[in-house]
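Notes follow once the structure below has been shown.
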Amino acid sequence: MVSLGLVFDQLITGLTIGARLFLIAVGLSLIFGVLDVLNFAHGVLYMIGAYAALWAIGAVSIPFIGLLGIGFWPGLVVAILAAGLVGVLIEAGFIRRVYDREPLDQLLLTFAFVLMLTDVVKTTFGSGSNVVDPPGLLAGSLTLTSSLSLPNYRAFVILMSIVVLAAIFVVLQTTNVGRLVRATSSDRDMAALLGVNVPRLYTVVFFVGAALAGLGGALAVPTQSITPALGNQVIINAFVIAVIGGLGSFAGAFVGAYLVGISIAVGSLIVAGAGQLIPFIAMIVVLLLKPEGLFGGAEA
Amino acid sequence: MSPVLETEDLRRQFGRLVAVDDVTVDIHAGEITSIIGPNGAGKTTFYNLLTGRLDPTSGTVRLRGRDGDLIDVTDRSANDIANLGLSRGFQINNLFEGLTVLDNVRIARITRENRTTDITAITSEDSELTDGAWDVIELVGLEDVAETECANLSHGDKRKVEIALALGTDPSVVLLDEPTAGMNATETRQMVQLIGRLNDETDTTFVVTEHDMEVVVGISDRILVLDNGSLIADGTPDEVLSDEQVREAYLGLEGDEELEAGLGTDGGDDGGEMA
Amino acid sequence: TGLGGGGGSDTIKIGGVYLLSGIAQALGTSSANAAEVAVKQINENGGINGKDIEIEVRDHGEDPQAQIRSLAQEFNADVMIGLTSSGVTLASAPTIESLGVPFTLTDIGTPYITEPDTESYGNYFESDSGRAAFTPNMFRTNSNTSHMTYAIAKYVADNYGESRVANMGPDYAYGQQCWDYFKAYSEGLGMNHEYVTSEFPSLGASDMTPQINSVLSADPDLLFTSFWAGDATTFISQAAEQGLFEEVDDVFDTIGADPTVYEALGDTTPEGIHMSGWYWPTAYDNENNQAFLDAYREEFQDDDTTPSIPGFTGGSTYAAIYMYKKAIEAAGGTNPEDVISELEGITIDNDPRGQTTIKEDTHQATAPCVIGETSFDADVPYDGAGLVNTQTYTLTRERSLELLDGSGLGPGL
Amino acid sequence: MSVLTLEDVNSYYGNSHILFDLDLEVEQNEVVALLGRNGAGKTTTLRTITGTVPRREGRIEFRGEDIADDSVDKISNRGVKLVPEERRIFPTLTVTENMQVARDMSSGNPRDIQEMYDVFPVLDELRENRGRNLSGGEQQMLSVARALIQDPDLLLLDEPTEGLAPVIVDDLYDVLSEVVAEDVTVVITEQNVDFALELSERAYIIEKGANAWGGTVDELNEREDLLDEYLSVGGAEAD
Amino acid sequence: MSYGVRERLLAPDNRMRVVGVAAVAIVLVAAPFVLGGFQTSLLARTLVFALFATAFNLLYGYTGLLSFGHAMFVAASGYTVAKIVQQVAPALGIESIFGGAALMVVWILALVIGTAMAALLAVFIGYLSVQLEEIYFAMITLSFSMAIWVIVNQDIIGSALAALGIGGGTFTNGSDGLTFRLGEVDLFGLEFRLVDIADPIAFYLLTLLVVAIGMYALYRVINSPFGTTCQAIRENPERARALGIDTQFHSWMTFIISGAFSGLAGAMLVMLKTGILPSDAFWTSSATPVVMTVIGGPYAFLGPAVGAFTYEYLRWIIRQYPLLEEFWEFSFGFLLLIVVLFFDNGVYGGIQRLREYVSDRQE
Ligand SMILES: Nc1ncnc2c1ncn2[C@@H]1O[C@H](COP(=O)(O)OP(=O)(O)OP(=O)(O)O)[C@@H](O)[C@H]1O
Ligand SMILES: Nc1ncnc2c1ncn2[C@@H]1O[C@H](COP(=O)(O)OP(=O)(O)OP(=O)(O)O)[C@@H](O)[C@H]1O
Ligand SMILES: CC(C)C[C@H](N)C(=O)O
Ligand SMILES: [Mg+2]
Ligand SMILES: [Mg+2]
């Protein structure tokens, strides 16, 4: 009784979810790949991007500062900067001090930021749900056939994820940044001995990773209901994706995100609750068969 | 002499590179055998194949276990092989860095005594373990740093721990990968003496790779030469060191030039038996 | 033992536990607000037996049972109100029972907790399928899910007749029970609805589009939902984006009568859908209600973090405080056993929802529930929709037993 | 002009005090050997110069500028390059990439990668091999090549011959001699004392983290007692 | 000199340790008679978490395997305990056989079978998980526990059984979990309620007993050759294999022991809470022992226990101050930040360094 229209709709929904998740997972994977830090706060950075966009749009206000209200498109920039800067604060201000400790110490440090930043956002914006419409430019949808139509905004979000992936590859191909990053991630101290300013490199990487999450959050605003709990809802899925794709692999994050996004949307058609179960089962299977992930071991 | 360890057409390829090229050799019980050869000749890879750390592309490895049977260990896991009495020291230090020297050696003793699943004893109060470990520590001369965490040792001392771990399991065959690299002259001498003494007293079989020819000549009953993965010479030190191929490829000696270590390369024009 | 409520203290202590953070923050806060209004009124009028009331309200937090214990054993609460989740309520019942403090639920949907007939419905605490979880020192002042779904089922039966009905609700006890009871009551009312699909997004889901797609593709006439607080906001906005409200004839929500939800949605709430609640400010025409509304407005009109009208739990929470006042006065003190026996069968006249009685056998108040139609014409102190054309519904245990016969579900009334 | 000056330098790993008021003076374009027993503090001295020990005190000057508070990368960018004892090849990068990274980060006039392949032909055949898959000696060669490619002003070599076959040791000797001729200053530690002394003009002996002796190699070669006491070379008890 | 070391090693001086343990024991036994009801049950809860975190740390601090799914063992034993109390015990007619002591019998039964179920789960999941190391191990344990969370939260077992014609579609009772009541015990005239939140002395003492036994057992495991082998695996699995240690097998055994003791703690916790919820298997619950361990210090036997105490009592203090409580996540996050940033090896490490500092000063 599952109609083609429904499958199509769920596919589009799944792709939208996948695109959002990609933007979180790719930054998570990037940061892990380079800094060897599993950034628990990455979901929160996504959430901060979402709130920054809401604020820029004028949907929420900050106490003593008020509304910004500059609209959706400038809002994307605000979100990227906000999340990126918070990321820099976390990295340069704190994680940097514990790089030579056990990985778990860094993980817990980011966990501390999950707790604190969630509370800060809650206090600033309240804990209610926030919902807004897509920007006017992208309202409406593309009619494909009489029963199939593709909402413009969703198409845009999916496109953005592809653009980001392409941009990453272009940067890696055309510069020697990728090599430097890989060298540093495999032996930080030796890289410093060769002259790499490791702290600065790390900060830049963290900024980029965080900014991507911020972009994801901002893009999610018109399709998701935004609450301070958003960060915690997405982070586990982002882990799943990063692991399935292969920690440190961008293409892996892309494929993983779309697999998970689609399984969340389409899985629920098969068995109720399956949408939730599939990602974890997938992660177990991938880990057992190919622990380094589908694209693990591949270049950057 | 009976072999304690033998290989038959042992081969390992990495892609196109043949790191170990159909090596057939047997190691005699109670002897000290050195393996020499240029960098990248395949010595460490050969060890990795013998100890189960790498799987061979083809060929067989047989090991005489503690109970005297010659067992095919080609497909056995590293830990199985170690438990049969074959132990090794690594070329690049491979220690339990966060633990003290004493605990490092205790771990070797625990596996030797088959007590890895013993939950009834208390390690630090177990005199059998501590005694056993201390003997090894004295043997290699680590008493002064016995309670130092390995991570805090100098390079030379770490090399000694590496050897202590190899000896700690009372092995019947020990593979040492450049045991004296990083040690100073005195310690190198002491190490040579130690290996000789253990070999004499306990009948332990040693296989040693070394680039320090003084050491090689000083201790070996027999020398094997690997080049590009192939066994190119096998014989007594005198035989091998007078082999032209070895002199050129490995020692960089030309004509009658003498080895600085001061070994009389008298005669030996026909070289060792070729593999 | 460590029981609170010794006569020694010179105040009457009320402990409250609500969800004050997360998706339900606005909801829990409005309950706490209503309680505060009642406490203030009582203290201004001489307190209880000459003693002032001291109230402390806490968040469920990550360990609601610890909060309950702490209020009873550290704050020494004489009586307690609270809870915002059916799940938490059922899980905390043995703790509350063990503590012995009178505990009045003001926001809880699950009928089980006021269903004493363990013979017929199975003891909740003794089996995984038990549905009667009556607990001797727990009471309830709001009209529960059993009542609420009856009202919707009745409305549907009266106004739409047999239909293709779909369901959506939060994926936990409350959502599932609402749907079960709605179906049971509809059947009891003789309706042979066709149930086309049932979707349960997880509680607090931020993206319900997959489930909304499923509902849309099942092409129902009516959609029954049981979302509340943030989930209701999410659902309504995303359903609007997917065009759901144009596709179906009507949408019902069990406790969507929530000013905070409408405020958050601003101008996107569709008009003319049906939302119900345990209370709606304009649904009762009596002076007690007016007095409550006036006091509430006065207290909160300058507070821009919360609407200055009570939410759907306002009536029940306000009433709970007055019930305690009456019971403690009648008992002549705060001895828990005495207060409990006074509460059983107590009737108060100043309930904003009209005179209510706590039934002796079930500990459930005889309060009505309300259904209204969303409209931007409603008289509300914020930008957003409110309810118009409100109707109240009442239901007795006897009638409920009749309607639910054969469903295995207890009235809880 | 003295290129490197250490004066009253103290270094620590956590609470353990390793170097005690150490002095060191290296002139432009000379090769200085740093000798001493295992654990004497040679590596720690080199690490102190490069800034990789956790805590250091005292005066450390490079080309007249105080570098005692500089970060590791800053010191490196001044032209001070270390070939570390543990080789530290980037395990996931290929041989070529290991050198490319070094080249990318070079502050001077980097050498050509091909030049290094000419010096160590063994590596040439292994261009695309990942660092982790190299043999011990190959890693050692790569480590030296990686430092040379950066065109160092001051080259610190921590036991560069360890693990190298005799032929390669000879090659290394030639390369280093060449490098010195090209205006590079070198500090070298070696267990292979003969190698070090042959290459060096002057030497320092360190014992328990403090200066035990300093002077020219010629002087040192006269002093059997020193060689005996601190370096245990030349002893005749080998059997 | 070196001989002195050897002698000292073989004759360790345990006097201080004995005195310390005795002092703590006396305080813990006396505590409930001094503390009120709330504090007593808080202490009981803390003890249970101390055991849970210590069991977790056998795997993390001693074997180097970070499990991010340890709540699954609480779930395994918790649901078992609930089932035994609710259904199995009545079905077996334990009440009619043991009379007043029936509840004690149920208690022991639940504890034993609950622990066994956790161990059984650990046998299966451990076997698969120990194939992996490092972050991958953390991720696979996380996945397993989350899969279990979905299964209990969606009551997939109930639906599956119903599909087979067994039961009415509920088994774990979905998001509501299972809640039970534990009533009166009459042990040869000694009458008490097994879990009486109003007056929890009896249950506290039982908890203390179970936790003491559990902690001692773990202490022995950790300090045994088995435990030393664990440390070898933590430090360098590949070298351990070269010495003859079957690292996967050993990690598996460790996983099972850790799981079993976590299950034991879970059983006690679930009885104290008189119920279990799916959220007890959620990742946030798995984070609790992790956080406790890091706060306390993973490289000391008592570190996780110190962490459990710090965690629970900090939480309690925060609850005392409405301002802190309103921002409890912030407050807690901030404290976590401070501990991670400034205390290497947690509070325990901090205490140790303080002691060293003081004794340095005295010299
Ligand atoms: N895992 C691997 N993948 C690819 N090539 C490898 C791998 N391991 C070793 N090799 C190559 O195989 C050859 C033999 O290496 P091996 O380590 O056995 O040399 P060796 O004789 O021990 O040299 P050395 O004296 O320098 O230690 C080398 O050229 C090395 O680069
Ligand atoms: N990371 C460390 N932490 C603490 N102590 C250390 C550390 N590294 C070295 N040490 C100690 O510092 C002292 C000097 O060590 P260093 O490595 O400088 O010696 P070295 O002269 O280079 O010896 P080798 O010839 O063995 O390489 C030794 O006693 C050693 O134990
Ligand atoms: C009305 C809502 C607050 C939820 C409902 N109280 C429940 O039982 O879970
Ligand atoms: Mg080698
Ligand atoms: Mg050194």
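Throughout, protein chains are lettered first and strands after them, A, B, ... in sequence-line order, and every chain is numbered starting at 1.
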Counting distance only, does the side-chain N/O of [X] pair as donor-acceptor with the main-chain N or O of [Y] below 3.5 Å?
X: E:Thr141; Y: E:Ser67; value: no
X: A:Asn39; Y: A:Leu28; value: no
X: A:His42; Y: A:Gly209; value: yes
X: E:Asn173; Y: E:Leu178; value: no

Would you say the side-chain atoms of E:Thr63 and E:His250 include a donor-acceptor pair closer than 3.5 Å? no
Can you find a side-chain donor-acceptor pair between E:Asn153 and E:Ser175 that sits under 3.5 Å?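 Checked: E:Asn153/E:Ser175 side chains show no N/O donor-acceptor pair below 3.5 Å.
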What option among E:Trp328, E:Phe332, E:Trp149, E:Phe68 has the most heavy-atom pairs under 4.5 Å with chain A? E:Phe68
Who wins among E:Ala138, E:Gly346, E:Ala147, E:Ser331 for the most heavy-atom pairs under 4.5 Å with chain A? E:Ala147
Interchain contact, E:Leu341 with chain A, by part (heavy-atom threshold 4.5 Å):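 For E:Leu341, heavy atoms of backbone and side chain both lie under 4.5 Å from chain A.
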Using non-hydrogen atoms and a 4.5 Å limit, figure out which bit of E:Val290 sits close to chain A: side chain, backbone, both or neither.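 For E:Val290, backbone and side chain are both near chain A.
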Which of parallel (below 30°), tilted (30 to 60°) and perpendicular (above 60°) describes E:Phe249 and E:Trp252? perpendicular
Please determine, among [options], the option with the most heavy-atom pairs under 4.5 Å with chain E.
options: A:Leu108, A:Leu117, A:Asn232; answer: A:Leu108
options: A:Val98, A:Ile236, A:Leu38; answer: A:Ile236
options: A:Asp36, A:Leu109, A:Val114; answer: A:Leu109
options: A:Pro291, A:Ala282, A:Pro103; answer: A:Pro291

Contacting moiety of A:Glu102, where chain E heavy atoms sit under 4.5 Å: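 Side chain only.
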Are [X] and [Y] near enough that their ring centres are under 6.0 Å apart?
X: E:Phe137; Y: E:Tyr60; result: no
X: E:Trp283; Y: A:Phe40; result: yes
X: A:Phe206; Y: A:Tyr202; result: no

Which residues in residues 347-354 of chain E have any heavy atom lying under 4.5 Å from a heavy atom of chain A?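 At a heavy-atom separation under 4.5 Å, chain A is reached by no residue of residues 347-354 of chain E.
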Among residues 127-136 of chain E, which ones touch chain A with a heavy-atom distance under 4.5 Å? E:Leu128, E:Gln131, E:Leu132, E:Ile135, E:Tyr136
Picking from A:Asn237, A:Ile278, A:Thr13, what satisfies side-chain contact (heavy atoms from CB on, under 4.5 Å) with A:Ile264?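 Result: among A:Asn237, A:Ile278, A:Thr13, A:Asn237 is the only option passing the side-chain contact (heavy atoms from CB on, under 4.5 Å) with A:Ile264.
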Carboxylate-amine/guanidinium contact A:Arg97 A:Glu91, below 4.0 Å: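 Looking at A:Arg97 and A:Glu91, the cut-off is not met.
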Quick check: are there more than 12 heavy atoms from other residues, nucleotides or ligands sitting under 6.0 Å from OH of A:Tyr99? yes
In terms of heavy-atom contacts, does OH of E:Tyr313 have more than 12 from other residues, nucleotides or ligands at under 6.0 Å? yes
